[in-house]
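In what follows, a single structure is set out as structure tokens and then discussed.
Since we're looking at a predicted model, the values are computed, not measured.
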Amino acid sequence: MRIDIITIFPDFFEHIFNFSIIKRAQEKKITNIKIHNLRDYSLNKQKSVDDYQFGGGSGMVMNIQPIYDCIKQLKKERKYDEIIYLTPDGEKLTQTLSNQLSLNKNLIFLCGHYKGIDHRIREHIITKEISIGDYVITGGELAACVLSDAIIRLIPGVISDETSALSDSFQDNLLAPPTYTRPSDFNGWQVPEILLSGDPKKINKWREEQAIKRTKNLRPDLLN
Ligand code: ADE
């Protein structure tokens, strides 16, 4: 999968994808993340990418032209499955949506700033708008990182034990059961006996029961 991220802060991404699973996914060439500096596409001397909004009001709006030219250039090079704008008023990111997006080959993520982007980009170019939650962060960059991570880890071959991604919280609309490791007794805090029994059938049943119990207690909305 190739992900092209369009941003006014390319440095933001310098380190963030260079760790652990996402780093390995790139080394294994399962994913290729390319960062594009939107200012490189600005046609004016100052390399500005925003302007005052028509009709007045506080806050700047990102211009059409640099975004249009950047996406036009990318589309000349390959066909994109989705052109995604990260925005708090988009569709809320879920595990289901992450699963769907992980099946794609080429994606563009556009990171917004200020008061957002000229609406004509949303009407004519963007194919999907995604929010990472009902809160506002300072720009789309963090949201693009969250979205990238959520989908890349689901691509076959990225996580060596594939069942591991399948047993994540939310994968079956249930929260994950509790996990433990050595020592089995820490200052008298015991690991549940059943996990030490060596009986996979009983252990799986216990995990299932725990997942349902935790979901009922913590996220009953997921069971509806
Ligand atoms: N940009 C600002 N807030 C955001 C959010 N919650 N999701 C996606 N992009 C955003």
>> Test: side chain to side chain donor-acceptor pair (under 3.5 Å). Region: residues 145-155. Which pairs qualify, not counting sequence neighbours?
In response: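 Passing the test, one end in residues 145-155: Arg153-Asp168.
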> Does any pair with a residue in residues 211-222 pass side chain to side chain donor-acceptor pair (under 3.5 Å), and if so which ones, sequence neighbours excluded?
Replying inline: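 Every side chain to side chain donor-acceptor pair (under 3.5 Å) pair that includes a residue of residues 211-222, provided the two are not neighbours, is Arg219-Asp221.
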Could you list the donor-acceptor pairs under 3.5 angstrom formed by side chains in residues 28-38, with sequence neighbours left out?
| unit_1 | atom_1 | unit_2 | atom_2 | d |
| --- | --- | --- | --- | --- |
| Lys28 | NZ | Gly157 | O | 2.7 |
| Thr31 | OG1 | Met1 | O | 3.1 |
| His36 | NE2 | Asp4 | OD1 | 2.7 |
| Asn37 | OD1 | Arg39 | N | 3.1 |

>> Run the salt bridge (Lys or Arg N to Asp or Glu O under 4.0 Å) test against Glu82 and tell me which residues pass, sequence neighbours left out.
In response: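 Here no residue qualifies.
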Just to verify, what does [X] make a side-chain hydrogen bond (donor to acceptor under 3.5 Å, both in side chains) with, not counting sequence neighbours?
| X | answer |
| --- | --- |
| Gln73 | Glu77 |
| Asn99 | Gln171 |
| Arg78 | Tyr80 |

Table please: side-chain donor-acceptor pairs of residues 45-55 below 3.5 Å, with sequence neighbours left out.
| unit_1 | atom_1 | unit_2 | atom_2 | d |
| --- | --- | --- | --- | --- |
| Lys47 | NZ | Ser42 | O | 3.0 |
| Ser48 | OG | Asn44 | ND2 | 3.0 |
| Gln53 | NE2 | Ser58 | O | 3.0 |

> If every non-hydrogen atom of Ser131 is compared with every non-hydrogen atom of Gly90, which pair is closest and at what distance?
Replying inline: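 For Ser131 versus Gly90, the nearest heavy atoms are CB-O, 3.6 Å.
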>> Can you give me the closest heavy-atom contact between Gln95 and Ser169, atom names plus distance?
In response: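 Heavy-atom minimum between the residues: OE1-O, 4.4 Å.
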>> I need the single residue from Phe12, Phe109, Phe13 that forms a side chain to side chain contact (heavy atoms under 4.5 Å, CB included) with Thr7. Which is it?
In response: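 Filter result, single survivor: Phe13.
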>> Please evaluate residues Ile203 and Leu195 with respect to the criterion side-chain contact (heavy atoms from CB on, under 4.5 Å), reporting the C-alpha separation (whole Å), side-chain torsions for both, the decisive distance (0.1 Å), and the verdict.
In response: CA-CA 6 Å; Ile203 292 173; Leu195 295 177; 3.8 Å; yes
> Should Ile212 and Leu174 be marked as a side-chain contact (heavy atoms from CB on, under 4.5 Å) after you check the CA-CA gap, both sets of side-chain angles, and the distance that decides it?
Replying inline: CA-CA 6 Å; Ile212 294 168; Leu174 289 176; 4.2 Å; yes
> If you round to the nearest 0.5 Å, how far is CG of Leu43 from CG of Asp69?
Replying inline: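 The CG atom of Asp69 sits 6.0 Å away from the CG atom of Leu43.
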Identify all side-chain donor-acceptor contacts of residues 179-187 below 3.5 Å with residues at least two apart in sequence or on another chain.
| unit_1 | atom_1 | unit_2 | atom_2 | d |
| --- | --- | --- | --- | --- |
| Asp185 | OD1 | Gly188 | N | 2.8 |
| Asp185 | OD2 | Gln190 | NE2 | 3.1 |

> Do any pairs count as a salt bridge (Lys or Arg N to Asp or Glu O under 4.0 Å) and have a residue in residues 92-110, sequence neighbours left out, and if so which ones?
Replying inline: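 For residues 92-110, and leaving out neighbouring residues, the salt bridge (Lys or Arg N to Asp or Glu O under 4.0 Å) pairs sorted by first residue read Lys92-Asp134.
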Which pairs would a plain distance check flag for residues 114-122, meaning a side-chain donor or acceptor within less than 3.5 Å of a matching protein atom at least two apart in sequence or in another chain?
| unit_1 | atom_1 | unit_2 | atom_2 | d |
| --- | --- | --- | --- | --- |
| Asp118 | OD1 | Arg120 | N | 3.0 |
| Asp118 | OD1 | Arg120 | NE | 2.9 |
| Asp118 | OD2 | Arg120 | NH2 | 2.7 |
| Arg122 | NE | Glu129 | OE2 | 2.6 |
| Arg122 | NH2 | Asp89 | OD1 | 2.8 |
| Arg122 | NH2 | Asp89 | OD2 | 3.3 |
| Arg122 | NH2 | Glu129 | OE1 | 3.1 |
| Arg122 | NH2 | Glu129 | OE2 | 3.4 |

>> Check for me, please, whether Leu93 and Ile126 land in the same ILVMFWY cluster - side-chain distances under 4.5 Å, paths through other members count.
In response: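 In one cluster: yes.
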>> His113: which residues meet the ring pair (Phe, Tyr, Trp, His ring centres under 6.0 Å) condition with it, sequence neighbours left out?
In response: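 His113 satisfies ring pair (Phe, Tyr, Trp, His ring centres under 6.0 Å) with Phe9 only.
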